[in-house]
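Structure record follows, encoded as structure tokens.
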Amino acid sequence: MADPRFSILSEEFAAAPDRHFGWLREHAPVHYEPAIDSWFLSRYRDVHRVLTDHEAFTTETLQVRAEPVMRGPVLAQMTGAEHTAKRKIVVRAFTGQELQEQVRTIRANAVELLEPLLAGGRMDLVNDFGKPFAVRVTLDVLGLDRRDWRQVSSWLAGVGEFVTAIELTDDRRRVCLDLARELEAYLVPVVEERRRHPGADLISALCTAGFDGITMSTRDVIALIINVLVAAVEPADRTLGLLFKHLIDHPEQLAQVRRDPALLSAAIAETLRRTPPVQLIPRLAERDAEFAGTVVPAGATVFCMIGAANRDPEAFTDPDTFDLHRPDLGTARSFTAAAQHLAFGTGLHQCVGAAFARAEIETVAALLLPLLDRVRYSPGFVYRETGLYTRGPSALSLDFTPVHAATLHATTRHTNTRHTTPGRAAPSTTPPWAPVHG
Ligand code: 2IO
């Protein structure tokens, strides 16, 4: 029976949502939250149905949840021919040859950021590395000036807060909207300039790209840039932190990944299944829909609980266990439309950045693992997660065998990632300790 005292908005839930997943799936699989007039679905089959029945459940919620701060419509809001065409343009920008180039950018940024962090034998993987790394890589990939990363980060924090807030006060709403407008004002002249003089960067590609005669307006391009920024930045440091948390908590699996780096993609896929960094996906019910005997009315906002669905015993055996060897994971499919886990969503609007996300986390983890010898939590470190929508460790303080400065300088000497002009990081010479990737 549904417990009237239970609330997704309670501090108790926020402290450890996963402790409530089993109860929700069993006793309140269609949970209504009156304060925000929204429904929460926790069973795999219900979540899967909502994400794949595009007629009955639309992405119109994003008009209020995202469009105001994206400064235009995002990809996930679009439908029909427009969606197909624009999605193809974006997919093209994050796969194949483009992705190969992005991997070099990822590695160069990682090396540059790690340099000052390794000699001390201690770093906060989330705050010292993950957060600046995710913003700088994304700026590079877009062809924006990564020297602006601090400024862009603070604008993005407002956009992210708006998109992922479950409840937003009028005050915070105003602050977020102001930050989003500042970000827009920063981007407009760049986009106009790239329209006039297209370069080899992603923004230029978006300005000039066409598919089936459909092209992007400046407003479209701005919204897409902000969409890419938020979507690439918000979940990245969380995923990296969660991956290392799981590996440190499972030393035998960490040892296996060290011995055989080819297992990294399975470790990442299992991290995404077990602890998806994006925990909620909203949809709007077009018409009345019945789930497990409860009717969700037309016009209702429905939140798919990705974390709960990914741990449904009907979908995965022994679902609470982190096991990179689990037979029902299907690693090869995990970053594609055929993925079993729902961390990238599923259906027509499944994440377009899945291949990029995989390349990003895999490249960085493969670089980090050999460097972080005897990696462990720092003494006194207390692990904490935050967030209901995007969720991950608020910090991950790690100790490891210090990497000698001289060794590091010798190994990164040829890696010229410092650049004074806007644009991508210069392609790096692969340092000796870098993984063979590809
Ligand atoms: C940004 C929630 C960080 C997306 C969203 C308005 C659209 C879409 C997502 C993810 C992650 C963000 N939704 N990325 O859930 O682009």
Side-chain angles (χ1 to χ4, degrees), residues 75 87 90-110 125-126 129-130 133-138 140-142 202 227-247 253-254 256-258 260-279 281 306-307 310 322-326 328-347 349-369 390 392 434-438:
L75 201 56
R87 186 178 163 96
V90 179
V91 167
R92 226 161 34 193
F94 285 105
T95 46
Q97 206 31 60
E98 301 301 315
L99 186 61
Q100 292 307 309
E101 178 70 26
Q102 286 153 8
V103 167
R104 281 190 282 277
T105 304
I106 288 163
R107 192 177 291 142
N109 274 283
L125 186 65
V126 171
F129 178 78
F133 165 77
V135 182
R136 288 159 64 149
V137 164
T138 312
D140 263 350
V141 165
L142 284 164
L202 180 54
N227 189 169
V228 167
L229 278 167
V230 175
V233 168
E234 276 271 329
D237 65 88
R238 290 161 174 86
T239 307
L240 188 66
L242 291 162
L243 170 69
F244 273 81
K245 179 215 160 27
H246 289 309
L247 290 176
Q253 296 185 54
L254 172 58
Q256 288 166 0
V257 174
R258 283 192 188 284
D260 180 7
L263 290 174
L264 252 182
S265 45
I268 296 166
E270 176 66 345
T271 297
L272 292 171
R273 181 199 69 83
R274 173 68 216 281
T275 46
V278 179
Q279 292 267 323
I281 299 180
I306 304 303
N310 273 356
F322 180 89
D323 177 9
L324 65 88
H325 300 292
R326 64 168 52 251
D328 48 9
L329 184 61
T331 302
R333 287 175 287 139
S334 283
F335 304 92
T336 73
Q340 282 296 108
H341 70 78
L342 302 174
F344 292 121
T346 189
H349 297 292
Q350 194 189 33
C351 179
V352 283
F356 176 81
R358 176 201 185 158
E360 178 176 53
I361 303 301
E362 210 171 303
T363 301
V364 171
L367 194 68
L368 276 167
L369 280 174
T390 50
V436 185
H437 191 88

Taken to the nearest 0.5 Å, the spacing of Arg107 CZ from Glu360 CD works out to 13.0 Å
side-chain contact (heavy atoms from CB on, under 4.5 Å) partners of Ala269, counting only residues at least two apart: Leu329, Ser334, Phe335
Residues Asn227 and Leu75: closest non-hydrogen pair is OD1-N, 3.7 Å
State, with a plain yes or no, whether a side-chain heavy atom of His325 is found less than 4.5 Å away from one of Leu263. yes
Gap separating the OG1 atom of Thr363 from the CZ atom of Arg358, nearest 0.5 angstrom: 10.0 Å
Heavy-atom pair of closest approach, residues Ala359 and Val103: CB-CG2, 3.9 Å
Listed by chain and number, what are the ring pair (Phe, Tyr, Trp, His ring centres under 6.0 Å) partners of Phe244, not counting sequence neighbours? none
Testing the basics here: between Leu247 and Leu254, what is the closest heavy-atom pair and its distance to 0.1 Å? O-CB, 3.4 Å
Taking atom CZ of Arg136 and atom CG of Asp140, what is their separation to the nearest 0.5 Å? 8.5 Å
d(Leu243 CG, Thr271 OG1) to nearest 0.5 Å is 4.5 Å
With a 4.5 Å heavy-atom cut-off, do Leu125 and Leu240 have their side chains touching? yes
Would you list the pairs meeting side-chain hydrogen bond (donor to acceptor under 3.5 Å, both in side chains) in which at least one residue belongs to residues 231-241, sequence neighbours left out? Glu234-Thr390
Any side-chain heavy-atom pair of Phe344 and Thr336 under 4.5 Å: no
With sequence neighbours left out, what residues match Phe322 under ring pair (Phe, Tyr, Trp, His ring centres under 6.0 Å)? His246, His250
Locate the shortest heavy-atom distance separating Val126 from Gly241; write the atom from each residue and the value. CG2-CA, 4.2 Å
Note: Glu270-Arg274 ion pair, threshold 4.0 Å (strictly below): no
For Ala343, which residues count as a side-chain contact (heavy atoms from CB on, under 4.5 Å) partner, sequence neighbours excluded? Leu272, Pro276, Asn310, His341
Just verifying a value: how many Å separate Asp328 CG and Asp323 CG, rounded to the nearest 0.5 Å? 8.5 Å
Ala262: partners by side-chain contact (heavy atoms from CB on, under 4.5 Å), with sequence neighbours left out: Asp260
Write down the atom of Gly345, the atom of Ile281, and the distance for their closest heavy-atom approach. CA-CD1, 3.8 Å
Arg333 side-chain N/O to Gln340 backbone N/O, donor-acceptor pair under 3.5 Å: no
Non-hydrogen atoms of Ala232 and Thr138 that approach each other most closely: CB-OG1, 3.6 Å
Nearest-0.5 Å distance that lies between atom OG1 in Thr95 and atom CD in Gln100: 10.5 Å
Is it true that a side-chain atom of Gln102 and a backbone atom of Ala93 form a donor plus acceptor pair closer than 3.5 Å? yes
